[in-house]
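The structure appears below as structure tokens.
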2 protein chains.
Amino acid sequence: MDRNDAKGIFRIYIKEKGLRNTWQREVILDAFLSAEKHITAEKLFAAIREKNPEVGYATVHRNLSLLCECGLADEIKIGRQQTRYEPKFGQKHHDHLICLKCGRFIEVNDHKLEKLQDKLAEANGFLPMRHKLEIYGLCRECK
Amino acid sequence: MDRNDAKGIFRIYIKEKGLRNTWQREVILDAFLSAEKHITAEKLFAAIREKNPEVGYATVHRNLSLLCECGLADEIKIGRQQTRYEPKFGQKHHDHLICLKCGRFIEVNDHKLEKLQDKLAEANGFLPMRHKLEIYGLCRECK
DNA sequence: CCTGATAATGATATTTATTATCAATAGTAG
DNA sequence: CTACTATTGATAATAAATATCATTATCAGG
């Protein structure tokens, strides 16, 4: 899935929900697609403001929520930091290794692990829908 | 590890850090050891207030932090709900199945899963120290 | 192209959990 | 017992996310 697919998904989602397309939405979507991974609402807002000073903070928040709803973004909350938003287009689900020293995120994926998680859930009469695995420790540089 | 061991650990931790023992600390520790699992600071505060109306809210918070520091409790944050505190004495590490409908927590553990997680971390040059796995879905009653 | 219904915006107020402040109190070592 | 200072409790402050609301802009239907 590339950038244009993502835009299409967003526009279709907007339309199907009876919402309206605005230039602010386009600007926010564009900025999000170009932004660093795991960006906060505040940083995204700051980046948008550089080129588009008329876009409001609340609007950025509102549209990040929309992006999550339509499946293009995911919320990540670590400790008491502010929420980070992770792009979900063009990549598979993954888990996170989080360095306790430098705060770096490393994205990892393991098929066996995913399977095992599903089995564990099912063994407990549970229907798994999504999951979050965060492994905390020290990264190569910090250990 | 039983209730008295937990108390001992707390008292020793307090002493070694050059802190002081107060009756409020004892009351909070006692209440925490008797409380339901995954309790919030607010609920614990309410429970304590029934018998000890002179204990302050801030004090409960402060001592919950201490309990986490000395390893007797763990913070759990789900979504934008308030922080829950989980007792860590007298039980092994476990992961959580969280029902998206009724909010129920189910505690599970799987040795193979733990091993696999460590291997995944190490394969990425990462030194794993602790982890958090939360599987979201529908529990037996809600699905 | 108009136009009316109403979704969206932006500035700001509100909410909510947690943390900081600070004067008064109370452990604790010597 | 005493001095030092950690702790407490009441409350203020903080910070992120959400709600409010008057104004503006979108867009389907004519």
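In what follows, chains carry the letters A, B, and so on, assigned in the order in which the sequence lines appear, proteins first and then strands, with residues in each chain numbered from 1. For clarity, every value in this text was computed on a predicted model and none was experimentally measured.
- Taking the side chain of A:Arg25 as heavy atoms from C-beta on, and the options C:dA8, D:dG9, D:dT7, the nearest nucleotide is C:dA8.
- Atom NZ of A:Lys7 is surrounded by more than 12 heavy atoms from other residues, nucleotides or ligands within 6.0 Å.
- Between the C1' atom of D:dA19 and the OH atom of A:Tyr57 lies a distance of 14 Å, rounded to the nearest Å.
- In this structure, CG in A:Asn21 is found 6.5 Å from CD1 in A:Ile14, a value given to the nearest 0.5 Å.
- When rounded to the nearest whole Å, the span between CD of A:Gln24 and C1' of C:dA11 equals 14 Å.
- Atom CZ in B:Arg62 sits about 12 Å away from atom C1' in C:dT18, given to the nearest Å.
- Distances were taken from every side-chain heavy atom of B:Gln82 (C-beta onward) to each of C:dT9, C:dA17, D:dA19; the shortest belongs to C:dA17.
- With hydrogens and angles disregarded, a donor-acceptor distance shorter than 3.5 Å links the side chain of B:Arg25 to the backbone of B:Arg20.
- Between B:Glu16 atom CD and D:dA6 atom P there is a gap of 17 Å when expressed in whole angstrom units.
- Per the geometry, NE2 belonging to A:His61 stands 9 Å off P belonging to D:dA16, to the nearest Å.
- Under 4.0 angstrom from either OP1 or OP2 of D:dG9 there lies at least one side-chain N or O belonging to B:Thr59.
- Taking atom CD1 of residue B:Ile28 and atom P of nucleotide D:dT8, one finds them 7 Å apart after rounding to whole Å.
- Rounded to whole Å, the distance from CG on B:Leu29 to P on D:dT7 is 15 Å.
- Atom NE2 of B:His111 sits about 8.5 Å away from atom CD of B:Glu114, to the nearest 0.5 Å.
- The phosphate of C:dA17 has neither OP1 nor OP2 within less than 4.0 Å of any side-chain N or O from B:Thr83.
- You'll find a donor-acceptor pair under 3.5 Å spanning the side chain of A:Arg20 and the base of C:dT6, going by distance alone.
- For the pair B:Val55 and A:Ala41, both in contact range of DNA chain D, the more 5′-proximal nearest nucleotide belongs to B:Val55.
- Rounded to whole angstrom, the span from the CD atom of A:Glu69 across to the P atom of D:dT18 amounts to 11 Å.
- Of the two residues contacting DNA chain C, namely A:Leu66 and A:Ala58, the nearest-nucleotide position lying further toward the 5' end is that of A:Leu66.
- Contact check, A:Thr22 against C:dA7: no side-chain N or O comes under 4.0 Å of OP1 or OP2.
- Among the atoms of the strands shown, only primed sugar atoms or phosphate atoms (P, OP1, OP2) are found under 4.0 Å from some heavy atom of A:Arg49.
- Between the side chain of B:Asn124 and the main chain of B:Phe126, no donor-acceptor pair closer than 3.5 Å is present.
- Between B:Asn63 and the phosphate of D:dT8, there is a side-chain N or O to OP1/OP2 separation shorter than 4.0 Å.
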